[in-house]
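As structure tokens, the structure follows; a few thoughts come after it.
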Number of protein chains: 2
Amino acid sequence: MVYSQVVETTRIAKATRAGGPRDRLMCAAKELTYRDGMQVGVDAILTAADVARRSLYQHFGGKDGLVAEMLKEEGERMEQIYADALAAGGDDPRERLRALFAFLEKLPDAPGYRGCRFVNADLTLADPGHPAHDVVRAHKQRRREMLEAELRAAGHPDPVTAGIQLELLIDGAAVNAALRPEERHTVAAGLLAQIVIDQGS
Amino acid sequence: MVYSQVVETTRIAKATRAGGPRDRLMCAAKELTYRDGMQVGVDAILTAADVARRSLYQHFGGKDGLVAEMLKEEGERMEQIYADALAAGGDDPRERLRALFAFLEKLPDAPGYRGCRFVNADLTLADPGHPAHDVVRAHKQRRREMLEAELRAAGHPDPVTAGIQLELLIDGAAVNAALRPEERHTVAAGLLAQIVIDQGS
DNA sequence: TAGTGAATCGACCGATCGGTCTACTCTCGT
DNA sequence: ACGAGAGTAGACCGATCGGTCGATTCACTA
């Protein structure tokens with residue numbers, strides 16, 4: 001049973017006219033899997049991308065391949081965004097982390113925000129053998145190392161534990177912001193992150 | 001494409017022989033939706049519960065009804081478990097919260113742990129109109145009020161923000177423990193929770 | 001200009017989805 | 001002894017799933 005009215009899928013095709021079939025497929029997959037979940041059908045993606053069925057299987061081998069590749073690209077994009085947010089804080093590591101959490105605080109305000117794409121994907125794909133799991137794990141691993149590096153540069157007394165804690169706050173806020181958007185979880189996360197960052201200074 | 005070998009589903013029926021068809025359906029739904037995700041098929045649930053197809057639709061009206069009811073019961077069970085964990089801490093509110101996080105720390109050690117059932121369900125069911133969403137939101141609402149009440153009793157300077165922060169830590173740890181089980185996220189969460197709890201004391 | 005590879009359309013496949021329905025069995029209260 | 005309600009077995013429904021394939025069009029290049 002479906003409770004919500006169907007949101008038009010062809011709309012996306014217009015905004016995605018740029019690039020070849022491969023790019024259009026990636027773009028459509030990004031949008032639809034985020035908005036409608038990973039269970040979104042191949043047909044919906046094809047319609048949105050305005051691409052022939054065969055092109056999908058030639059470029060990506062199948063839905064799983066498309067999904068995995070999409071997460072990979074999105075991971076790289078997100079890591080760049082994180083790096084930019086850190087850079088906005090200047091040179092001081094603590095200030096850089098502060099800037100990062102200030103940036104994350106505003107994320108849920110984006111229209112259509114539905115939480116962290118990677119967490120959602122990993123929890124949705126119950127099959128432990130799905131190729132997307134490795135992509136997500138690798139992405140989260142790199143993000144944690146990024147946090148740890150900043151904490152280490154800041155001379156934090158326990159950068160490993162603190163890195164995990166910052167990760168918990170980021171993911172916890174993303175999950176809760178998606179689940180109950182009316183509350184300002186990211187603000188509370190930012191405040192607590194501040195305490196973690198300032199430990200031992 | 002399915003990457004993992006199929007885990008036998010009939011096994012569960014044996015462990016669920018107790019009670020009528022309704023109870024067996026609930027039990028099977030709890031197990032299968034947690035282990036295999038909410039996408040698990042009706043047939044798998046019926047086989048595991050060793051129950052006729054018709055019984056499901058007579059008792060619950062459909063899969064969605066079964067799922068919603070199951071989450072409701074599980075919510076009540078979890079709230080009781082939380083209450084017990086708090087009670088283990090005695091009378092002092094801070095000690096009670098400490099006891100709660102000590103309990104939560106051990107949760108991921110349970111075999112087959114796959115994170116928080118409610119978070120997983122809510123993120124998996126992309127359809128915003130699915131009845132399960134209300135059940136999950138209500139459950140999380142009550143859990144937050146429970147945390148807030150303890151913090152208030154402890155004379156915490158900002159029980160609302162701290163309540164949210166504890167929630168972030170719990171959910172963040174659950175998500176990450178499911179995603180990368182090899183790391184001890186709950187320990188880091190417990191340490192940070194301690195700091196939140198002790199604020200202003 | 002002829003040839004080649006990419007992209008398109010759309011029919012088609014078997015499998016599975018959630019759900020409906022008929023027919024039969026069992027048990028229990030009257 | 002008998003009828004009612006609950007449970008079971010399983011065929012069946014339309015829809016959709018991911019995936020394959022033949023036939024065609026088109027752009028680019030040798």
Side-chain angles (χ1 to χ4, degrees), chain A residues 1-7 9-10 13 16-29 32-33 36-70 121 124-127 129-132, chain B residues 1-7 9-10 13 16-29 32-33 36-70 121 124-127 129-132:
Chain A
M1 170 95 66
V2 173
Y3 301 88
S4 330
Q5 63 279 25
V6 177
V7 214
T9 76
T10 48
T16 320
R17 281 264 176 236
R22 202 196 122 98
D23 291 343
R24 298 209 301 277
L25 277 171
M26 288 290 293
C27 187
L32 291 188
T33 57
D36 301 336
M38 307 299 288
Q39 315 96 321
V40 71
V42 167
D43 288 332
I45 297 178
L46 293 176
T47 302
D50 195 27
V51 149
R53 203 171 190 76
R54 173 159 256 181
S55 301
L56 190 158
Y57 291 91
Q58 252 163 8
H59 281 295
F60 301 100
K63 185 191 180 185
D64 293 343
L66 170 62
V67 161
E69 190 62 26
M70 178 268 293
T124 299
L125 302 172
D127 185 344
H130 196 288
Chain B
M1 169 94 68
V2 172
Y3 301 88
S4 330
Q5 62 278 27
V6 177
V7 214
T9 76
T10 48
T16 321
R17 280 263 177 238
R22 204 198 119 98
D23 291 343
R24 299 209 300 278
L25 277 172
M26 288 290 293
C27 187
L32 291 188
T33 57
D36 301 336
M38 307 298 288
Q39 316 94 319
V40 70
V42 168
D43 288 332
I45 296 177
L46 293 175
T47 302
D50 196 27
V51 148
R53 203 170 191 77
R54 168 159 259 189
S55 301
L56 190 160
Y57 291 91
Q58 254 165 8
H59 281 295
F60 301 101
K63 184 190 179 185
D64 293 344
L66 170 61
V67 160
E69 190 63 26
M70 178 269 292
T124 299
L125 302 171
D127 185 344
H130 196 288

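Only heavy atoms go into these numbers, but all of them, side chains included; no hydrogens, no water, no symmetry mates. The sequence lines fix the lettering, A, B, ..., with proteins before strands; numbering per chain opens at 1.
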* Got a second to check how far R53(A)'s CZ is from I45(A)'s CD1, nearest 0.5 Å? -> 10.5 Å
* Close side-chain approach of M38(B) and H130(B), heavy atoms under 4.5 Å -> no
* Structure fact -> The bend of the helix from dT1(C)-dA30(D) to dT30(C)-dA1(D), taken between the axes of its five terminal pairs at each end and rounded to 10°, is 10°
* Taking all heavy atoms of L32(A) and all of A48(A), pick out the closest pair and write down the distance. => CD1-CB, 3.8 Å
* To the nearest Å, how far apart are Q39(A) CD and dC17(D) C1'? -> 13 Å
* Structure fact -> Atom CG of L46(A) and atom P of dA7(C) are separated, to the nearest Å, by 14 Å
* Asked: Over how many whole Å does the gap from D36(A) atom CG to dC17(D) atom C1' extend?
  -> 16 Å
* Quick check: does any side chain N or O of R24(B) sit under 3.5 Å from a backbone N or O of D50(B), one acting as donor and the other as acceptor? -> yes
* Asked: dT20(D) C1' sits how many Å from D43(A) CG, rounded?
  -> 14 Å
For nucleotides 5-7 of chain D, which of its nitrogen or oxygen atoms have a protein nitrogen or oxygen under 3.5 Å away, and what is each distance?
residue : atom : partner : partner atom : Å
dG7(D)  : OP2  : H59(B)  : NE2          : 3.2

* Asked: Looking at E69(B) and M26(B), what are the two nearest heavy atoms and their distance?
  -> O-CE, 3.8 Å
* To do: Quickly work out the Y57(A) OH to dG22(D) C1' distance and round it to whole Å.
  => 17 Å
* Hey, does D127(A) have a side-chain heavy atom less than 4.5 Å from the side chain of D36(B)? -> no
* Asked: Between Q39(A) and L125(B), is there a donor-acceptor pair closer than 3.5 Å when you use the side chain of the first and the backbone of the second?
  -> no
* **d(NZ, K63(B); C1', dC17(C)) in whole Å** => 9 Å
* Asked: Are F60(B) and M70(B) side-chain neighbours, meaning at least one heavy-atom pair lies under 4.5 Å?
  -> no
* May I have the distance from D50(A) (atom CG) to dG10(C) (atom P), rounded to whole angstrom? => 11 Å
* Integer-rounded Å distance: dA7(C) P and F60(A) CZ -> 11 Å
* **Polar side-chain contact R53(A)-dG19(D) base: donor and acceptor under 3.5 Å** => yes
* Any donor-acceptor pair under 3.5 Å from K63(A) side chain to V40(A) backbone -> yes
